[in-house]
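Comments concern the structure below.
This chain uses plain numbering: 1 for the first residue, then up along the sequence.
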Amino acid sequence: MPSNDARILLQAAVPTAAVGAIAAVVSGVVAGGKGAIGAVVATLVVILFMGLGLYVLQRTAKSLPHLFQAMGLLLYTAQILLLFIFVAVFKNTSLFNPKSFALTLLVTTLVWIGAQARAHMKAKILYVEPDSSKAEKPEKKGHSS
């Protein structure tokens, strides 16, 4: 993974993990141990889904740049649908508090999207890859004395 991609991933994952930790503490206080477990699971799901999506999007940008925008829209739509499916599947679970899970999932998803957008705006990514191997070296003109 190129350094810009890793930097963007890190700049999105760290705030998401921090908000997830805060949500785990708040959920633990409000809903007990199951609330904290729900918040931790939700945070891990968001980091996994969104991180994997960012990775796929960056690979698409490198290999199929003409499909980048369409792939981005499709990817974000698929991620949101998968998160909704995840919430629906675990709606009546007894493994953790579903309300803490759902709220943490929503909040950490919004934090990820905001942090990723901010990271992309702050990144200085070249939109044209300079190719130094094909650049012609200027010939020296004149005579040497």
Which heavy atom of [X] sits nearest a heavy atom of [Y], and at what distance?
X: Ser27; Y: Ala39; value: OG-CB, 3.9 Å
X: Leu54; Y: Leu75; value: N-CD2, 4.5 Å
X: Met71; Y: Leu57; value: C-CD1, 4.1 Å
X: Ala115; Y: Gln11; value: CB-O, 3.6 Å
X: Thr43; Y: Ala17; value: CG2-CA, 4.2 Å
X: Gly51; Y: Leu9; value: CA-CD1, 3.9 Å

Is there a path of hydrophobic side-chain contacts, each under 4.5 Å between heavy atoms of I, L, V, M, F, W or Y residues, that connects [X] with [Y]?
X: Phe101; Y: Ile37; result: yes
X: Val40; Y: Leu95; result: no
X: Val89; Y: Phe86; result: yes
X: Phe49; Y: Ile113; result: yes

Interatomic spacing from [atom1] in [X] to [atom2] in [Y] - rounded to 0.5 Å:
X: Leu44; Y: Thr16; atom1: CG; atom2: OG1; result: 11.5 Å
X: Leu74; Y: Gln79; atom1: CG; atom2: CD; result: 10.0 Å
X: Leu81; Y: Thr77; atom1: CG; atom2: OG1; result: 7.0 Å
X: Ile47; Y: Leu52; atom1: CD1; atom2: CG; result: 13.0 Å

Any side-chain heavy-atom pair from Thr104 and Val46 closer than 4.5 angstrom?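 When only atoms from C-beta onward are counted, Val46 and Thr104 do not touch, as no gap falls below 4.5 Å.
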Partner set under side-chain hydrogen bond (donor to acceptor under 3.5 Å, both in side chains) for Arg59, not counting sequence neighbours: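 Here the qualifying residues are Tyr55.
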Partners of Gln116 by side-chain hydrogen bond (donor to acceptor under 3.5 Å, both in side chains), sequence neighbours excluded?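 Result, side-chain hydrogen bond (donor to acceptor under 3.5 Å, both in side chains) vs Gln116: Tyr76, Trp112.
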Listed by chain and number, what are the side-chain contact (heavy atoms from CB on, under 4.5 Å) partners of Val19, not counting sequence neighbours?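 By the side-chain contact (heavy atoms from CB on, under 4.5 Å) rule, Val19 matches Val107, Thr108, Val111.
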Before you tell me yes or no, could you show the steps for Leu105 and Val45 under side chain to side chain contact (heavy atoms under 4.5 Å, CB included), namely the whole-Å CA-CA distance, both residues' side-chain angles and the distance that decides it to 0.1 Å? CA-CA 8 Å; Leu105 197 69; Val45 166; 4.1 Å; yes
